[in-house]
Amino acid sequence: MSNSSTFPRRERAIEYARREILDAAAGCFGRKGYRGTTVSEIARAAGYTPPTLYSYFTGKEEIYQAILTLVTEEFLATFETPTPRGLTFEQKIELLLRRQLQIADDRRDFMTIYFSVASSALQQPPVPAGFERYAARLAGWLKRESRPADRAGRAPEDVAWAMAGVVYSFVRRACAVGSSEPLLERADLICDLVLHGSSGCWRTIHGERSSS
């Protein structure tokens, strides 16, 4: 077997092992918190010994940062996911938000830790870099998926920061209060708040969601 075929296979094996460790760590962090989780517990949950784990990561903080990068990339990838033809601009936004809320639900364990007091020990900035990247990619998506008439004279960058703030707030609140309710069940409310402001929010609460 040639080295050219062996190298990609080895790279895939390394990536698979790292992903297993990250998925296990996210669950451990969610159950015991960042400070309460040890590297040994992460290794055991992933099916590795601590020495083997250290061959992939230098320690717990690197694992945490790697999960943060992974989750951020999952969110950003939604902006490149194809949108079905024939949808209105509002329907496109709703589909995008639902895809992102599904990720937040799937990653609830880690999101809870990210928004916890324990995570502040990692000296995260007031406005996380991931949030800024999200808002920038959302602005690009809005430009690409909308027509001038859809924008109503609003700058996509301004709308993107407003939308990002709404999504961020709902996800953070759900994690902070320890709610078990899937964020997808709040999708109608979040979408109407994003699309129509407080009036849309009240229409949803009273079961009068706009069909436009």
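Remember, predicted model here, so these are calculated numbers, not experimental data.
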How about [X] and [Y]: do any of their side-chain heavy atoms sit closer than 4.5 Å?
{"X": "Ile190", "Y": "Glu94", "answer": "no"}
{"X": "Glu132", "Y": "Trp161", "answer": "yes"}
{"X": "Ile63", "Y": "Leu53", "answer": "yes"}
{"X": "Cys175", "Y": "Ile113", "answer": "no"}
{"X": "Arg108", "Y": "Leu183", "answer": "yes"}

So how far is it from [X] [atom1] to [Y] [atom2], rounded to the nearest 0.5 Å?
{"X": "Asp109", "Y": "Met111", "atom1": "CG", "atom2": "CE", "result": "11.5 Å"}
{"X": "Gln100", "Y": "Thr81", "atom1": "CD", "atom2": "OG1", "result": "9.5 Å"}
{"X": "Leu95", "Y": "Thr78", "atom1": "CG", "atom2": "OG1", "result": "9.5 Å"}
{"X": "Phe89", "Y": "Leu195", "atom1": "CZ", "atom2": "CG", "result": "8.0 Å"}

Start with the C-alpha distance between Asp150 and Glu90, add both sets of side-chain angles, then the distance that settles side-chain contact (heavy atoms from CB on, under 4.5 Å), and finish with yes or no.
-> CA-CA 9 Å; Asp150 296 321; Glu90 290 192 1; over 6 Å; no
For the pair Leu68 and Phe110, evaluate side-chain contact (heavy atoms from CB on, under 4.5 Å) and give the outcome as yes or no after the intermediate values.
-> CA-CA 8 Å; Leu68 178 57; Phe110 178 75; 4.0 Å; yes
Examine Leu184 and Tyr168 and state if one hydrophobic cluster contains both, with Ile, Leu, Val, Met, Phe, Trp and Tyr joined whenever side-chain heavy atoms are less than 4.5 Å apart.
-> yes
Transitively linked via ILVMFWY side-chain contacts under 4.5 Å: Leu87 with Ile93?
->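 In one cluster: no.
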Might you work through the side-chain contact (heavy atoms from CB on, under 4.5 Å) test for Leu76 and Glu73, ending with a clear yes or no?
-> CA-CA 5 Å; Leu76 295 180; Glu73 292 302 326; 4.3 Å; yes
Sequence-distant partners of Arg31, side chain to side chain donor-acceptor pair (under 3.5 Å), two or more places apart | none
Does Arg44 have any side chain to side chain donor-acceptor pair (under 3.5 Å) partners at least two apart in sequence or in another chain, and if so, which?
-> none
Side-chain (Lys92) to main-chain (Glu145) donor-acceptor, under 3.5 angstrom |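 Checking the backbone N and O of Glu145 against the side chain of Lys92, a donor-acceptor pair under 3.5 Å is found.
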Does Arg18 use its side chain to pair, donor to acceptor, with the backbone of Tyr56 at less than 3.5 Å?
->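 Pair found, side chain donor or acceptor close to backbone of Tyr56.
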Shortest non-hydrogen contact from [X] to [Y]?
{"X": "Glu80", "Y": "Arg137", "answer": "OE2-NH2, 3.4 Å"}
{"X": "Leu22", "Y": "Ala66", "answer": "CD2-CB, 3.7 Å"}
{"X": "Gly86", "Y": "Gln91", "answer": "O-OE1, 4.3 Å"}
{"X": "Leu97", "Y": "Cys191", "answer": "CD1-SG, 3.8 Å"}
{"X": "Tyr54", "Y": "Gly59", "answer": "CE2-CA, 4.0 Å"}

Count the heavy atoms of every other residue, nucleotide or ligand shown that sit under 6.0 Å from CZ of Arg151, and state whether that count exceeds 12.
->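 It does: Arg151 CZ has more than 12 such atoms within range.
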Does Arg147 CZ have over 12 foreign heavy atoms under 6.0 Å away?
-> no
Take Lys143 and Glu157 through the side-chain contact (heavy atoms from CB on, under 4.5 Å) test and state the conclusion after the steps.
-> CA-CA 9 Å; Lys143 291 177 185 178; Glu157 292 78 10; 2.8 Å; yes
Does the pair Tyr114 and Tyr64 meet the rule for a ring-ring contact (aromatic ring centres under 6.0 Å, His included), with working shown?
-> CA-CA 9 Å; Tyr114 176 73; Tyr64 174 90; 7.1 Å; no
Is a salt bridge present between [X] and [Y], judged by a nitrogen-to-oxygen distance below 4.0 Å?
{"X": "Arg98", "Y": "Asp188", "value": "yes"}
{"X": "Glu15", "Y": "Arg19", "value": "no"}
{"X": "Arg99", "Y": "Glu74", "value": "no"}

Give the ring-plane orientation class for Phe75 versus Tyr134, where under 30° counts as parallel, over 60° as perpendicular and anything between as tilted.
->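 Geometry flag for Tyr134 against Phe75: perpendicular rings.
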For the residue pair Phe79 and Trp141, does the interplanar ring angle fall in the parallel (under 30°), tilted (30 to 60°) or perpendicular (over 60°) class?
->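 Aromatic pair Phe79/Trp141 classed tilted.
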Does the side chain of Tyr48 pick up a donor-acceptor pair with the side chain of Glu20 at under 3.5 Å?
-> yes
Are Thr72 and Thr69 linked by a side-chain donor-acceptor pair shorter than 3.5 Å?
->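 Judged by distance alone, the side chains do not pair up.
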Would you list the atom pairs, donor with acceptor, under 3.5 Å between side chains in residues 36-43 and any protein atom, with sequence neighbours excluded?
from, atom 1, to, atom 2, distance (Å)
Thr37, OG1, Cys28, O, 3.2
Thr37, OG1, Gly33, O, 2.7
Thr38, OG1, Glu41, N, 3.1
Thr38, OG1, Glu41, OE1, 3.4
Glu41, OE1, Thr38, N, 2.9
Glu41, OE2, Lys32, NZ, 2.6

